[in-house]
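The structure appears right after this line, and notes come after that.
Predicted model only: the values in this text are computed from it and were never measured. Atoms within each ligand, like the ligands themselves, are counted from 1 in listed order. FYI, the numbering just counts along the sequence from 1.
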Amino acid sequence: MSTSIPLPGLPAYDHADGTPDEPRTSRRGPTREELLEGLNEPQRAAVVHEGAPLLVVAGAGSGKTRVLTRRIAWLISERKAHPGSILAITFTNKAAAEMKERVEELVGKRARIMWVSTFHSACVRILRKEITALDFDGTGFKSNFSIYDAADQKRLMTLVCNDLDLDPRRYQPGAMLHWVSNQKNELKDPEDATKDARNNLEETYAAVYTTYQRRLREANALDFDDLIMFTVHLLQQLPEVRETYRRRFRHVLVDEYQDTNHAQYALIHQLCADNPEDLDGERVEPAELMVVGDADQSIYAFRGANIRNILDFEQDFPNATSILLEQNYRSTQTILTAANSVIGHNKGRKPKRLWSDAGDGARIVGYVADDERDEARFVSEEIDRLTDEGGLRPADVAVFYRTNAQSRVFEEVFIRLGMPYKVVGGVRFYERREVRDALAYLRMLVNPADQVSLRRILNTPKRGIGDRAVACVQALADRDRITFWEALRRAQDAPGLATRSLTAIQGFVAMVEELQSMVDAGERADVVLETVLARSGYVASLEESDDPQDETRVENLAELVAVAREFSDDPQAGPSADPADVDAGTVAPGLSDFLERVALVADTDQIPDAPEDDTGVVTLMTLHTAKGLEFPVVFLTGLEDGVFPHARALGDQPELEEERRLAYVGVTRARERLYISRAVVRSAWGAPAHNPGSRFLDELPVDLVDWRRTEAAQTRWGRPDLASGSAASSGLGTLTDAGRRNFSSAALRADAAARAKPAREMPSLEPGDRVVHDSFGMGTVVALEGVAEKAVASIDFGSEGVKRLLLRYAPVEKL
Ligand SMILES: Nc1ncnc2c1ncn2[C@@H]1O[C@H](COP(=O)(O)OP(=O)(O)OP(=O)(O)O)[C@@H](O)[C@H]1O
Ligand SMILES: [Mg+2]
């Protein structure tokens with residue numbers, strides 16, 4: 001049974017801990033031996049550990065996820081833990097579904113009622129039950145709250161800018177949302193943020209945060225960070241609620257602990273820290289806690305993840321036990337040595353001895369391509385060779401890159417050469433316009449206070465409710481302090497509303513009320529969706545269109561209906577229903593369960609299960625998405641300074657170390673073969689850029705890499721021939737990092753004087769873009785004047801002030 005929503009036409013892949021050799025349950029339940037089968041000594045110790053908080057720290061592929069999964073089975077089967085008393089946290093919904101499935105294979109169906117989920121899903125469950133108890137100055141949330149994703153948040157933030165009369169060129173929604181998100185990850189509410197503001201900018205941001213939260217509350221909506229923050233507040237502020245969950249969860253297990261942020265840490269702490277007495281003065285043993293992680297794989301600092309959570313575990317949970325795993329079961333020794341060698345360049349980490357007895361295996365293959373197309377061609381030809389001669393399936397192969405945009409060239413070349421592939425995490429199904437429109441309809445039906453959704457579909461398809469009519473209705477809402485939806489229902493009272501608009505609005509309201517009565521009657525999600533698409537005229541408007549894209553849109557909507565149908569057919573699928581009810585099969589998943597499921601689908605969830613006999617397709621994904629997965633063959637591409645490591649990290653030690661951890665994650669996904677490649681010239685912002693080879697290449701042991709092609713013959717400015725073992729400077733050593741990455745190929749051919757004063761690639765900028773300047777640091781583009789060679793940008797560098805810079809010469813780069 002899988003609770004993940006299937007997505008259309010996606011590929012097969014080999015997942016971590018998905019080995020077929022897992023013991024199967026017999027009817028009598030597994031024996032102790034079966035539960036411990038295929039585990040080494042320290043792994044067994046972790047599975048059977050009792051009592052004190054347990055930290056399993058270990059390098060990639062050492063079986064952390066396997067141990068966590070087996071421990072759950074052990075708890076249920078041997079220690080007779082009630083499955084409902086187990087809370088296991090994974091990083092993605094996909095990983096959660098897999099873990100649940102695996103435990104079910106071991107101990108049977110009763111495993112179904114455990115909570116195995118992401119932090120976000122677990123919090124949604126808690127909040128649906130408890131959120132009404134949270135008080136915000138007399139107002140609060142209803143338990144049918146909406147969950148806003150990134151696009152909804154942006155729209156809402158734009159409304160906030162209007163409310164506060166902020167210049168959108170100076171105050172960019174994206175930057176403000178990032179700031180707000182940081183506050184929430186640190187558990188600071190708007191009041192804390194206002195108190196902590198140290199300058200004008202921060203004061204404005206705090207005001208933005210306050211208004212943003214007010215608007216969310218009005219819309220009865222939460223963003224992703226709220227899910228965690230509010231749950232923590234709930235547990236901190238309401239002792240009865242805390243006790244309920246502390247008594248309920250006797251076992252808490254967290255995978256990928258290195259990527260938890262402060263709010264997530266606080267949540268775990270609320271549930272598991274020693275708290276000698278409960279409300280009645282009775283001592284309640286804290287839940288048994290097990291966290292597993294690898295500080296070397298911490299790659300989400302930009303989202304507030306705090307590597308200290310793992311480093312300080314023993315301090316935070318006194319009397320904690322640590323177990324170290326040192327044997328890697330995933331990769332060949334060659335791959336491991338390479339990974340260890342790269343990560344060894346990070347300072348202040350605990351050295352690890354990770355070894356494998358899988359043998360040396362094949363050497364790493366390196367390739368220096370002329371440009372990115374040549375790189376993609378090489379990858380494609382190599383995959384062809386491996387599948388023709390090496391007995392591998394396309395599904396065994398993954399191609400990794402640093403940023404999403406790099407997938408495009410691979411896609412173009414793969415399509416041309418007929419290589420079957422799938423991009424994971426690119427344009428996501430749920431981000432397509434038509435899918436978002438359809439979901440907005442559904443969300444608005446469940447929660448009419450959800451203004452963002454309501455406004456999105458009010459005039460989609462066009463039904464004669466224009467901006468002016470919307471303004472009239474809004475004025476009525478403001479005047480009478482009612483929601484926008486209420487105002488629509490009372491549109492006849494709206495001053496200045498044209499008769500034609502009034503008729504259109506009344507038609508809309510009648511339609512929505514009719515649809516709402518379906519929802520209230522508990523109609524299935526797929527039936528509601530189909531009715532919405534027909535009644536609203538949405539599909540008809542696409543079908544009438546001449547735009548060929550609209551045909552695809554209709555297909556995508558059909559896919560969405562199929563997804564909803566599958567969801568409705570699976571009574572296990574309702575994530576918000578009480579697990580006990582679900583187990584008894586008494587609650588059929590409704591529309592709000594479906595919406596919740598959809599809202600929580602993350603990138604990696606887009607990897608579907610492959611049909612049994614399928615050879616599958618090659619998986620293209622970013623390094624971030626690859627976490628926790630494994631593949632027999634991995635291509636690590638775009639190894640250039642400025643690409644990977646990312647340009648942003650070049651002059652910044654902590655960021656560079658995070659990039660290096662990302663490289664470690666990438667290398668350790670490979671089981672048997674690893675390819676590394678880079679392009680001498682790569683187009684950036686439409687112009688060819690000559691990036692030096694990645695510094696991570698220098699950090700690989702030379703004797704492990706078999707360079708199929710080097711740069712030696714191509715340009716004297718490039719990196720020296722790595723095959724010869726030379727790691728000398730690239731010849732650009734006199735320039736700053738930023739200078740190196742900004743070198744155009746023309747500049748590279750110029751003389752020494754030109755080299756001292758590089759002709760830069762002019763970034764194409766728009767107000768609101770985030771940029772980095774060699775001396776002033778990070779900034780936001782406020783305004784632009786002039787064109788081409790004369791383009792001047794005004795950039796706000798925060799404490800450095802606003803500077804006017806001639807872009808032709810300014811060492812600025814777009815982020
Ligand atoms: N004792 C063992 N014997 C054989 N295979 C094992 C053993 N332990 C783990 N494995 C296998 O090794 C691979 C890596 O295991 P797993 O994914 O649990 O590692 P991990 O530590 O979670 O890795 P990552 O850090 O990448 O998340 C899996 O294919 C798993 O089935
Ligand atoms: Mg793992």
(Q) If the condition is side-chain contact (heavy atoms from CB on, under 4.5 Å), which residues does R363 pass it with, not counting sequence neighbours? (A) D706
**Q.** P286: partners by side-chain contact (heavy atoms from CB on, under 4.5 Å), with sequence neighbours left out
**A.** R246, D274, R283
Q. Out of V397, I335, V634, L386, which one pairs with R673 under the side chain to side chain contact (heavy atoms under 4.5 Å, CB included) rule?
A. L386
Q: Run the numbers for me: atoms of ligand 1, each under 4.0 Å from some heavy atom of G38, listed by number.
A: 1 (N), 2 (C), 3 (N), 7 (C)
**Q.** Proximal ligand 1 atoms for R669, defined as those under 4.0 Å from one of its heavy atoms
**A.** 26 (O)
Heavy-atom nearest option to [atom], drawn from [options]:
atom: atom 1 (N) of ligand 1; options: Q327, Q43, K64; value: Q43
atom: atom 28 (C) of ligand 1; options: R671, E630, R102; value: E630
atom: atom 10 (N) of ligand 1; options: F91, Y664, Y329; value: Y329
atom: atom 18 (O) of ligand 1; options: E37, R66, R44; value: R66

Q) Counting only heavy atoms, which portion of T65 has something under 4.0 Å from ligand 1: side chain, backbone, both, or neither? A) both
Q: Please confirm whether D294 comes under 4.0 Å of ligand 1, counting heavy atoms of the residue only.
A: no
(Q) Check for me whether A58 has a heavy atom closer than 4.0 Å to any atom of ligand 1. (A) no
Q: Carefully, step by step, assess F635 and E382 under the rule side-chain contact (heavy atoms from CB on, under 4.5 Å).
A: CA-CA 10 Å; F635 287 83; E382 200 56 31; 3.9 Å; yes
Q: Take atom CZ of R44 as the centre, draw a 6.0 Å sphere, and report whether it contains more than 12 heavy atoms from other residues, nucleotides or ligands.
A: yes
Q) Does a donor on one side chain sit under 3.5 Å from an acceptor on the other, for E655 and Q653? A) no
Q) G63 to ligand 1: N or O pair under 3.5 Å? A) yes
(Q) Please identify which of these residues, R660, R349, K350, meets the salt bridge (charged side-chain N to carboxylate O under 4.0 Å, His left out) condition with D296. (A) R349
